[in-house]
There are 2 protein chains.
Amino acid sequence: MNQIEDMQTFVRIVEAGSITKAAEQLNTVKSAVSRRLSQLEKRLGVTLLTRSTRAHTLTEQGKSYYQHSLRIIEEVADIEAGLTQQNYALSGSIRIAAPLVFGLEHLSQALLAFNERHPEIVFDVDFDDRKVDLVEGGFDLAIRIAKLEDSNLIARQISSTRMVLCASPAYLKTQGTPTTPQQLSTRHKKLQYYRSLENWHFVEDNGQSVNIKIPTALTSNNGSFLLECAIKGTGLLYSPDFICHQAIKDGKLTIILKKYLANPTIPIYVLYPQNRHQSHKIRHLIDFLIEYYGDTPSWLID
Amino acid sequence: MNQIEDMQTFVRIVEAGSITKAAEQLNTVKSAVSRRLSQLEKRLGVTLLTRSTRAHTLTEQGKSYYQHSLRIIEEVADIEAGLTQQNYALSGSIRIAAPLVFGLEHLSQALLAFNERHPEIVFDVDFDDRKVDLVEGGFDLAIRIAKLEDSNLIARQISSTRMVLCASPAYLKTQGTPTTPQQLSTRHKKLQYYRSLENWHFVEDNGQSVNIKIPTALTSNNGSFLLECAIKGTGLLYSPDFICHQAIKDGKLTIILKKYLANPTIPIYVLYPQNRHQSHKIRHLIDFLIEYYGDTPSWLID
DNA sequence: GTTATTGTTCAAAAAATAAGAACTATAAGT
DNA sequence: ACTTATAGTTCTTATTTTTTGAACAATAAC
């Protein structure tokens with residue numbers, strides 16, 4: 001039972017004026033069209049077309065069915081075409097999950113810039129450092145700043161960040177500025193981001209790698225707050241450059257032990273579900289983000 | 001490509017919340033539903049549902065398609081149900097082809113009586129003694145007063161009429177009242193209906209059948225006019241009783257040679273096209289007509 | 001770590017549909 | 001009135017589409 005094809009066939013018969021002509025126009029044989037019509041009438045339990053060898057007349061029901069069919073066929077076509085257009089249109093909403101600080105400080109700027117070009121798009125950004133389930137949360141994409149784990153999501157790297165170790169000039173003046181990793185062990189405290197590792201990983205001049213653990217002055221799940229604390233001299237901050245770059249440029253924080261840090265570079269990815277047909281606007285936004293941050297993002301130090 | 005079934009399947013998936021449940025509700029297996037959904041997405045070139053092992057989320061296009069689908073499914077069901085209702089409803093129009101005199105004098109009364117019971121029905125009656133093509137003319141039914149010829153139409157007898165030979169008392173006084181068919185041959189003239197036979201057919205007392213031909217006083221295609229002429233004494237009238245019954249009851253015409261007429265009874269049929277599904281109102285009207293005229297129609301003489 | 005549930009994929013079976021030929025009916029041409 | 005041509009139906013056979021059922025992969029839930 002294919003109601004739409006029945007409608008299309010019936011409309012063709014009515015407009016062509018004969019089953020034979022309708023069959024030609026539908027690129028099929030008259031027997032198929034004849035059978036379709038009689039099956040349709042049987043299903044509806046109604047005579048649509050009174051037919052003799054060479055003349056046709058629409059019954060009242062036939063007229064009604066014809067008119068409704070015209071409308072339905074058009075509506076269905078519009079709906080299906082509309083979906084594709086929607087797919088290509090740079091409009092509608094994009095729902096994004098982003099880490100707190102990166103989202104507020106950097107992603108927001110990029111999104112605003114994108115929005116200037118494509119004002120029809122409405123962003124719905126959820127700032128949260130916790131790992132969210134894209135599918136369950138209904139997100140179109142998520143920003144993740146970390147090495148990738150296995151998942152059924154697609155990832156594209158949009159930029160990268162570099163970890164730096166820094167402290168306020170005042171703090172360094174009081175506690176001394178360490179020049180080797182080993183010197184951290186004495187008289188230093190760290191500002192601890194709740195998700196990151198307790199130990200800091202260094203590579204010494206001789207190529208030996210070393211794990212250093214120093215006491216924690218304060219733990220928080222908010223990178224900005226830790227930054228404030230570092231500026232106030234509460235302790236050492238081990239932080240991605242996109243968080244502390246401005247404070248460093250302003251001289252409020254000083255980088256230390258730069259050359260000893262192991263694996264300081266962390267990729268920034270955009271993740272999205274494995275959709276067979278990716279919406280055009282999503283692809284467009286990802287391309288935009290890659291271009292926006294580029295090889296020299298604003299948080300780059302030197 | 002069955003768009004409506006695709007829509008129904010998709011709606012079921014969305015509302016059931018999972019492909020497996022949707023399959024159960026649709027009395028099929030999950031593989032069929034899964035395949036239908038992926039084929040649909042492929043055809044539309046759009047992801048409707050972002051799905052992982054246990055969670056589903058509608059994409060924007062999915063939401064749009066879901067809502068449109070709901071509406072279209074309902075509309076199509078309404079249209080199809082509407083046709084059946086239309087079929088059973090005693091409303092709408094009935095187009096009838098009827099012979100002139102019978103139509104004006106007798107059918108019209110029956111139709112008005114029917115209309116009193118079913119005022120929603122609008123009659124469209126075409127009065128014409130010529131044989132019309134029901135299909136070409138778009139007629140629902142036709143009245144035919146004659147022995148049936150072969151045709152692809154369905155016939156039901158609704159009543160019958162009897163042919164009588166009559167003349168005005170004044171005419172018979174002048175020309176003499178014939179008591180045997182043979183006596184017609186002298187001094188008589190006939191009023192000729194254009195479609196009827198030139199010869200009159202009789203059965204004599206001895207069982208011998210005989211064809212009599214007498215001169216024509218006047219020919220017309222209008223039975224009422226011939227009746228008027230007969231009353232005025234222009235000639236003999238060979239006529240169905242539904243035309244002359246009142247004049248005979250009023251004594252304006254006298255029946256002659258009644259017992260000699262061969263095959264005086266002519267059936268009155270209602271004809272309609274061979275529709276696989278006859279509309280309820282048409283069947284109803286035919287039943288009404290048979291009941292209305294019954295075995296003793298108003299034109300019956302004794 | 002194990003089990004249970006969900007969705008996908010695949011080959012085979014079943015159902016629906018189309019094709020092609022034969023047939024009926026009738027309009028048009030002669 | 002006869003022949004020819006055209007339109008529609010019906011039937012059997014092909015073809016296409018859809019469904020099934022099983023095996024599999026992925027991942028929540030226990």
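This one's a predicted model, so the numbers in the text were calculated from it and none came from an experiment. Just the heavy atoms: all of them, side chains too, but no hydrogens, waters or symmetry mates, feed the values below. Protein chains get the first letters and strands the later ones, always in sequence-line order, with residue 1 at the start of each.
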Round to the nearest Å and state the distance from [X] atom [atom1] to [N] atom [atom2].
X: Leu49(B); N: dT8(C); atom1: CG; atom2: C1'; result: 14 Å
X: Arg51(A); N: dA27(C); atom1: CZ; atom2: P; result: 17 Å
X: Ile13(B); N: dT6(C); atom1: CD1; atom2: P; result: 14 Å
X: His56(B); N: dT8(C); atom1: NE2; atom2: C1'; result: 12 Å
X: Ile4(A); N: dT17(C); atom1: CD1; atom2: P; result: 14 Å
X: Leu40(A); N: dG8(D); atom1: CG; atom2: P; result: 16 Å
X: Gln8(A); N: dT17(C); atom1: CD; atom2: P; result: 14 Å
X: Lys30(B); N: dG21(D); atom1: NZ; atom2: P; result: 13 Å

Task: Within residues 16-27 of chain A: residues closer than 4.0 Å to DNA chain D (heavy atoms) - done: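 Ser18(A), Ile19(A), Thr20(A), in order of number.
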Open item on the list: So Tyr65(A) and Val46(A), do their side chains get closer than 4.5 Å, heavy atoms only?
Closed with: no
Open item on the list: Within the 3.5 Å criterion, strictly below it, is a donor on Asp129(A) or Tyr193(A) matched to an acceptor on the partner's side chain?
Closed with: yes
TODO: Go along nucleotides 14-19 of chain D 5' to 3' and tag each nucleotide: B for a protein heavy atom under 4.0 Å from its base, S when only backbone or sugar atoms are that close, - otherwise.
DONE: ----BB
Task: Over all atoms of both residues, closest heavy-atom pair of Thr59(B) and Thr50(B) - done: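 Smallest interatomic distance, heavy atoms only, reads CG2-OG1, 3.5 Å.
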TODO: Grab the two heavy atoms, one from Ser160(A) and one from Gln157(A), that are nearest each other, plus how far apart they are.
DONE: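 Answer, listing the atom of Ser160(A) first, then Gln157(A): CB-NE2, 3.9 Å.
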Open item on the list: Rounded at 0.5 Å granularity, tell me how far CD1 in Ile4(B) sits from CE in Met1(A).
Closed with: 9.0 Å
Open item on the list: Nearest 0.5 angstrom please: Ile13(B) CD1 to His56(B) NE2, how far?
Closed with: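 Those atoms lie 7.5 Å apart.
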Task: Electrostatic pair Asp140(B)-Lys281(B), nearest N-O below 4.0 angstrom - done: no
Open item on the list: Taking the basic N atoms (NZ, or NE/NH1/NH2) and the acidic carboxylate oxygens, is any pair closer than 4.0 Å for Arg71(B) and Asp78(B)?
Closed with: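 Looking at Asp78(B) together with Arg71(B), the answer is no, because their closest N to O distance does not fall below 4.0 Å.
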Task: Identified side chain to side chain contact (heavy atoms under 4.5 Å, CB included) partner of Ile96(A) from the options Leu111(A), Ile282(A), Val270(A) - done: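 The single option meeting the side chain to side chain contact (heavy atoms under 4.5 Å, CB included) with Ile96(A) is Leu111(A).
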Task: Residue whose closest nucleotide on DNA chain C lies nearer the 5' end, Ser34(B) versus Asp133(B) - done: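 Whichever sits nearer the 5' end wins; that is Ser34(B).
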- [ ] Please figure out whether Ser38(A) or Val33(B) has its closest DNA chain D nucleotide nearer the 5' end.
- [x]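 Counting from the 5' end, the first nearest nucleotide belongs to Ser38(A).
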